[in-house]
Structure formats: C-alpha cells, structure tokens
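Sequence positions, counted from 1, serve as the residue numbers for this chain.
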Amino acid sequence: MRLAFLLAFLRVVRHRDAIGTDLAPDEAVALDAPDAPLRAAVAAAVAGDHAPARELLASTRTHAQWERRDACVSRLARTALHHDGWLENWTQESPGDPDAILVVADFQLHQAWEIRTDAGAEDVERDRFQAFFALLEDAVPVIGAAAELNPADPVPWRIALTHARSIQAPREVFDAYLAEARARDPHHFGCHEQALEYLCATWYGSHEEMFRYAERVADSAPPGSKLHALPLRAALEYRLSEQDEPDGPDPYGPETEAALARALGLSGSYAAGDPEAAGFRNELALLLIMADRPAEALDAFRAIGVHATEFPWARLGDPLTEFLDARSDVRLDLASQIPFFGRPPEPPTGTPDWAELAPRAVAIVPAPPAEVAQAALLCGYSLRTAPAGEGSSYVEVVPEAVRSRRAALLPEEPLTSAAETFTTGESWPALVLHRAPGRSSITALHQGKLLAAHTWLTESPAPDHAEVRATAQSLAHLYRRADPRPLAHILRATGDPAGHQEDLVKALGLPPVPPGFGGETQVLGELPGARVLARRGLLAGMRDTMSTGGSGHPPEPRPPRTPRWLLVRALMLLVLAAAATLAWWSPQIGWVRSSLLSIAVLHVAVRLRGAVRRRRRPTA
C-alpha cells in the first residue's frame with residue numbers, strides 16, 4: 001500500500017504539469033459570467049440606470065428569444081437583490097412595462113429564497129419560513145400580471161413553476177402551469193428544468209418519475225437542443241441526493257450511462273468554450289468524475305473553458321472553489337496513472353487560446369527596478385520591470401512557452417507567486433493588481449506573506465463592514481496611512497471595479513495604475529526604462545544574487561546560440577557518444593581515455609542543453 005502510494009506520488013510530481021496544459025488558467029475562470037450586452041445592462045443597473053436593461057429585455061421580447069430572455073431576467077433579478085433602486089425607478093416610470101413586471105416577479109422569488117436559504121427545512125428558523133411564505137404570497141399577483149401583459153411569453157410560467165415548487169403546490173396546479181408553459185414554447189429549457197426539480201425525490205416526486213420525464217422530454221427535443229441534457233440533470237440529481245453508494249448494482253446505472261452518452265454527443269455538437277453549453281457541460285464534468293472517468297472529465301473541462309456555473313458545484317460548497325479543485329483533482333488522477341517513464345498524451349489540436357480572457361496583472365512596488373530585480377532572481381518566472389516614478393517600480397510576468405519546474409509547483413497565479421518570493425526578506429511590500437471584465441482586485445504582500453486582499457465585482461453587494469475595516473487597517477499600517485477610513489470607504493464602494501481599484505492605489509500614495517492596464521496582456525513594454533529579468537535556474541540565480549550585490553539589474557544571460565552552432569554541437573555529441581561507447585566496449589582502450597571521452601560527452605551535452613533552454617526564454 002505504501003509502495004503504491006509512493007509510486008503514484010512520484011508519477012504525479014513528474015507528469016502533473018504536463019496534463020491539461022491547454023486548460024483555461026484558474027485566474028481566467030469566471031462563475032456564470034454574462035455576455036457583453038448583459039454585463040453592460042447589469043453594470044448600468046448597479047449604477048442606477050435601468051435603460052440598458054429595458055432595451056435588452058425589449059429586444060428579447062420583440063424577437064421571441066425566450067431562452068435568452070429567461071437568462072437575462074434571472075440575472076437582473078439577482079442583481080436587484082442588492083441594488084434595487086434601479087428596478088423601483090423602472091416600475092415607477094413605466095408601471096405597465098411587461099419586462100419590468102417580469103423582473104419584479106423573478107426578483108420576489110429570489111428574495112424569498114435568499115431569506116429562507118438553501119438549508120434543509122429542519123435547519124431553517126420559523127421566522128424565516130414565515131417571511132419566505134409571505135413573500136411568495138405577495139408574488140402571486142405579480143406573476144399573474146407578467147403572464148397577462150405578454151401572453152406569448154413562457155418565462156412567467158417558468159417563474160410560476162418555481163413558485164409552485166416553493167409553496168408545495170399540489171400536482172394538479174403544477175400540471176396546469178406546465179401545460180401553459182408548453183403551449184407557449186414546448187422546448188423551453190427553463191420550464192422543463194423547473195418541472196424536473198418538482199418531480200425529483202428531494203421535492204414531490206421520485207427517482208423513477210424524474211428519469212422518465214427527462215427521457216421523454218429529451219426524446220421529443222429538436223436536434224442540438226439543450227433538452228437532450230435533461231436526463232443528465234436527472235442522473236446528477238439522483239447521485240447528489242444519494243449520500244451513500246448503493247449496495248449492489250446501481251438501480252439507475254443504465255439510465256445514468258445513457259444520460260452520459262447522450263450528453264457527450266450533445267457536447268460534441270457545440271464549439272469548445274461556447275457559453276451556451278456551459279450549464280450542461282459543468283454537470284457532465286461532475287458526473288464523469290463520479291463515474292470514475294477522469295480522461296473524459298478532463299475533455300469536459302477543456303470544453304467548458306472559462307465558463308464555470310453555480311450549479312452543480314454549489315451543491316458541494318463554494319462553487320468556484322469546487323470547480324477549480326475538481327479540475328485539479330482530475331489532472332492529478334490522470335498523472336498518477338501514467339508510468340514514471342511514460343509519455344503524457346498530447347492535448348488535442350485546435351484548443352482555444354485563453355490568454356486574452358485571463359485577468360491582467362501588474363504589481364506596484366515602492367522600490368527601484370534594480371532592487372526589485374535583485375530580489376526576484378529566484379522567483380521562478382521571467383519578469384518585466386519598469387520605473388514608476390521616483391523610487392518605485394511596476395512589475396509584470398512575461399509569459400513563457402514552458403514553465404520552470406519550480407513555477408509548476410507554485411500556485412497558479414504567477415505574479416502573486418513571484419511577489420511572495422521577491423518581497424521575502426525585503427523592507428518594502430508589493431501591491432498586486434488584477435483586472436478582468438466586471439472584476440478588479442488587489443493583493444498586498446510583505447515579507448512573503450499575504451497581508452490584505454479585496455475584490456470588487458460589478459454587481460456585488462457592499463461587503464461586510466468589519467471585514468472591510470480590518471483590510472483597510474492592514475493597508476493603512478503597511479503603507480503608513482494615518483487614517484484608514486478613506487480606504488474603507490473605497491473598499492465598500494460598488495459598481496465600478498476598475499475605478500475603485502485606481503482610487504485605492506491613489507489613496508495609498510502609490511504611483512498611478514500604468515496606462516493600458518486591463519487591455520493588453522502586457523503593458524509595461526512601452527514604458528521608458530522597461531527591462532526583462534529572464535528566469536534563472538536555481539544555481540544561476542544564487543550565483544547572480546551573490547555576484548551583483550544590488551548594484552543594478554543582474555547581467556542578462558548570453559544571447560541564444562545560432563542554429564548552426566546547435567547543429568555542429570549536436571553532431572559532435574553523436575560522434576563523441578559513439579567514440580565513448582566504443583572505448584568502454586573495447587578492452588584495448590584504457591579506462592583513462594574512456595573516462596576522458598565520457599567527460600567530453602557530458603560537457604557537450606550540458607552546453608547543448610543550456611543553449612536549447614536559452615532559446616526558449618523571452619528576450620528584452
């Protein structure tokens with residue numbers, strides 16, 4: 001047992017970094033990320049402007065885009081949970097607007113469930129239940145008004161099905177709502193999804209009824225419809241509701257296998273990274289993991305790309321954390337199965353380039369570039385530094401085709417990992433900034449330790465006051481600000497992540513965010529005085545650390561060798577290797593000459609390997 005564990009561990013150490021190299025980086029993955037029009041509508045709503053949301057929903061109604069309308073209504077309703085002023089203004093300005101009434105109807109259901117929480121009924125307090133049912137009762141006339149104002153719209157009936165499940169409505173009420181929904185759109189995914197929830201054993205049906213309903217709907221769905229993944233949802237619901245593995249054969253094993261096969265075929269009909277397929281692909285990845293099919297689960301994660309979804313991962317814990325952990329576990333599982341001297345499988349060709357979707361990262365350090373470069377020799381990454389005013393520096397990571405072995409063992413986010421190294425033993429801190437659409441964050445590090453972190457999201461509510469106050473105090477102490485209250489005010493701000501990030505940098509007395517940050521992958525190359533600190537090996541880094549003494553940037557590595565030099569040394573290596581082999585084989589040649597030939601082979605091999613590695617490194 002111990003030997004098997006040791007062998008698996010050695011395989012993981014050797015192969016883990018070669019498995020899933022084409023997956024989207026962790027820092028690029030977003031949870032239920034909206035598309036650009038919906039993101040703009042949400043951002044405007046948070047700022048108090050309902051006009052973009054009104055125009056977006058009016059367009060979906062005019063063009064009968066019911067699936068998109070449903071997704072937009074649900075997202076806007078969740079946004080209104082913490083930023084409801086825009087919705088009140090909208091309904092007051094246009095009291096008969098069918099789109100506004102529809103958002104209010106969904107908002108009231110989200111509000112009721114936020115009060116009740118997703119805990120089991122036995123864990124919900126009585127006063128919460130009372131408020132829950134009171135809000136659901138208030139929602140009845142609003143749902144009815146939404147259905148009357150736009151009779152062709154199936155979305156109010158999706159909301160009505162959710163309401164029926166929430167109030168424990170009898171079967172005849174549920175059947176009537178479902179019939180109304182199917183009369184308007186027989187293939188509306190949201191309506192069938194809510195019906196499946198009602199029919200599952202956790203609510204008011206059974207495993208058998210749930211599977212039969214899902215299979216019947218999928219069989220009648222048009223080609224390419226997401227309804228072909230409804231049996232997958234049923235299988236996942238069954239597995240998540242069963243706490244223990246069944247004794248003996250799984251009674252729904254055939255149904256689960258058929259659902260997986262159908263979902264795999266459906267996934268293949270969508271392009272990799274397609275957000276439309278993200279929902280069922282996340283379910284597919286989790287069910288494949290549960291079925292102990294890691295290779296296919298890795299393919300599912302490749303197809304998901306950056307589009308993690310709240311369901312099903314929220315059933316296991318924090319959804320984004322669970323998604324990333326599951327993806328990492330699949331890579332470890334596959335790496336442990338490859339023989340130590342085996343070759344990892346090549347990733348499929350044509351995978352998307354996720355670099356453009358990754359958050360941008362830059363660090364601001366209150367120390368000159370030469371001092372930062374000297375401290376960063378052993379960080380395991382290639383960095384670019386640039387002056388940021390008197391006595392300060394900007395720092396960013398220079399992407400490399402092949403990561404170093406040390407970097408492969410470090411956390412996924414490179415710049416934060418590098419900052420942990422180059423602030424160790426130094427008197428100055430580093431503030432790492434990240435920026436992505438709808439999201440900005442700061443991470444403050446000192447002496448190799450994370451001292452403060454904060455994230456702004458476009459639609460997030462104001463964070464907890466005590467948590468923000470603690471973060472503000474840490475930043476004020478670190479950057480010698482006398483009063484932490486202005487920092488706390490910025491940290492509690494909502495609606496403009498990039499603007500709040502810039503305001504905090506200014507309030508800390510640091511140089512401004514570099515121009516272009518958040519757009520291009522690298523922004524420091526055009527700044528005056530920018531230089532690249534190429535990644536060193538461990539021994540070379542230690543040598544440069546001891547030799548330069550902080551007088552400036554360490555000497556750059558020698559320029560890459562020419563192809564002709566590489567070819568000549570490669571031929572020389574072959575000749576010397578053949579001669580050394582013959583020398584040790586022949587009894588007429590003594591051990592001294594054989595040893596000299598072997599030393600020559602090693603010398604040429606080491607120089608050739610170093611030259612090849614230098615050609616892979618970025619140049620300034």
- Task: Output yes when Glu237 and Arg233 qualify as a salt bridge under the 4.0 Å nitrogen-oxygen rule, no when they do not.
- Result: no
- Backbone N or O of Val523 within a donor-acceptor pair of the Glu396 side chain at under 3.5 Å? yes
- Message: Side chains of Glu322 and Leu286, heavy atoms from C-beta outward: is any pair under 4.5 Å?
- Response: no
- Message: I want to check something: taking the side chain as every heavy atom from C-beta on, are Arg439 and Pro497 in contact at a cut-off of under 4.5 Å?
- Response: no
- Task: In plain terms, say whether Glu193 and Arg165 are close enough for a salt bridge, that is, a side-chain N and a carboxylate O under 4.0 Å apart.
- Result: no
- Message: Contact between Leu199 and Arg212 at the side-chain level, heavy atoms closer than 4.5 Å - yes or no?
- Response: no
- Task: Any chance you could lay out the side-chain contact (heavy atoms from CB on, under 4.5 Å) test for Arg69 and Asp99, step after step, and finish with the verdict?
- Result: CA-CA 10 Å; Arg69 180 176 176 82; Asp99 303 324; 2.7 Å; yes
- Task: Determine the minimum heavy-atom distance between His188 and Asp70, stating which atoms define it.
- Result: CE1-OD2, 2.9 Å
- Task: Mark yes or no for whether Arg262, through its side chain, and Ala229, through its backbone, hold a donor-acceptor pair below 3.5 Å.
- Result: no
- Message: Quick one, Cys72 with Leu57, criterion side-chain contact (heavy atoms from CB on, under 4.5 Å). Give me CA distance, side-chain angles, the key distance, then yes/no.
- Response: CA-CA 7 Å; Cys72 293; Leu57 291 185; 3.7 Å; yes
- Task: Taking all non-hydrogen atoms of both residues into account, name the closest pair between Ala160 and Tyr177 and its distance.
- Result: O-CD1, 3.5 Å
- Message: Has His228 got a side-chain atom pairing as donor or acceptor with Pro222's backbone, closer than 3.5 angstrom?
- Response: yes
- Indicate the ring-plane relationship of His50 and Trp90, choosing parallel, tilted or perpendicular according to the 30° and 60° boundaries. parallel
- To the nearest 0.5 angstrom, please state how far the OG1 atom of Thr60 sits from the CG atom of Asp153. 8.0 Å
- Item | Residue pair His434 / Ala361: nearest heavy atoms and the distance that separates them | CD2-CB, 3.5 Å
- Test Glu257 against Arg293 for salt bridge (Lys or Arg N to Asp or Glu O under 4.0 Å), laying out the working first. CA-CA 12 Å; Glu257 289 298 321; Arg293 294 160 64 170; 3.2 Å; yes
- Message: Can you confirm whether Arg216 sits close enough to Asp219 that some side-chain heavy atom of one is under 4.5 Å from a side-chain heavy atom of the other?
- Response: no
- Determine whether Asp35 and Arg68 make a side-chain contact, defined as any pair of heavy atoms from C-beta on separated by less than 4.5 Å. yes
- Message: Is any side-chain heavy atom of Gln501 closer than 4.5 Å to one of Leu433?
- Response: yes
- When rounded to the nearest 0.5 angstrom, what is the spacing between CH2 in Trp313 and CG in Leu324? 9.5 Å
- Item | Side chain Arg360, main chain Arg435, donor-acceptor under 3.5 Å | no
Run the side-chain donor-acceptor check on residues 269-276: report pairs under 3.5 Å with partners two or more places apart or on a different chain.
| unit_1 | atom_1 | unit_2 | atom_2 | d |
| --- | --- | --- | --- | --- |
| Ser269 | OG | Leu266 | O | 2.6 |
| Tyr270 | OH | Gly224 | O | 2.9 |
| Asp274 | OD1 | Glu276 | N | 2.9 |

- Note on the structure: Distance col, row Tyr204:OH vs Arg171:CZ, nearest 0.5 angstrom, shows 11.0 Å
- Query: Could you state the interatomic distance from CZ (Arg239) to OG1 (Thr256), rounded to the nearest 0.5 Å?
  - Reply: 7.0 Å
- Rounded to the nearest 0.5 angstrom, the CG-CG distance for Asp299 and Leu288 is 9.0 Å
- Task: Answer yes or no: is there a donor N or O on one side and an acceptor on the other, between the side chain of His163 and the main chain of Trp157, under 3.5 Å?
- Result: no
Under 3.5 Å, which donor-acceptor pairs link side chains of residues 101-113 to any protein atom two or more places apart or in another chain?
| unit_1 | atom_1 | unit_2 | atom_2 | d |
| --- | --- | --- | --- | --- |
| Asp106 | OD1 | Arg158 | NH1 | 3.4 |
| Asp106 | OD2 | Arg158 | NH2 | 3.2 |
| Trp113 | NE1 | Ser166 | OG | 2.9 |

- Message: Using side-chain contact (heavy atoms from CB on, under 4.5 Å), reason through Leu230 and Tyr213 one step at a time and then give a plain yes or no.
- Response: CA-CA 9 Å; Leu230 204 61; Tyr213 177 81; 4.3 Å; yes
- Task: Determine the minimum heavy-atom distance between Tyr198 and Ala169, stating which atoms define it.
- Result: OH-O, 2.6 Å
- Message: Just to verify, which of Ile289, Leu23, Asp325 counts as forming a side chain to side chain contact (heavy atoms under 4.5 Å, CB included) with Val330?
- Response: Ile289
- Query: How would you list, by chain and number, every residue that makes a ring-ring contact (aromatic ring centres under 6.0 Å, His included) with His454, sequence neighbours excluded?
  - Reply: Trp456
- Minimum side-chain heavy-atom gap Arg327-Val29 below 4.5 Å: yes
- Item | Derivation and outcome, side-chain hydrogen bond (donor to acceptor under 3.5 Å, both in side chains), residues Arg75 and Thr79 | CA-CA 6 Å; Arg75 188 56 176 259; Thr79 301; 4.9 Å; no
- Task: Walk me through it: do Tyr252 and Glu208 pass the test side-chain contact (heavy atoms from CB on, under 4.5 Å)?
- Result: CA-CA 9 Å; Tyr252 295 101; Glu208 178 69 21; 3.6 Å; yes
- Could you give the distance from CG (Leu320) to OG1 (Thr309), rounded to the nearest 0.5 Å? 11.0 Å
- Does Val46 reach the side chain of Asp496, with side-chain heavy atoms less than 4.5 Å apart? no
- Could you label the plane-to-plane angle of the His207 and Tyr238 rings as parallel, tilted or perpendicular, counting under 30° as parallel and over 60° as perpendicular? perpendicular
- Task: Locate the shortest heavy-atom distance separating Ala235 from Ala259; write the atom from each residue and the value.
- Result: CB-CB, 4.3 Å
- Item | Which atom of Ala297 lies closest to which atom of Ala285, heavy atoms considered | CB-O, 4.0 Å
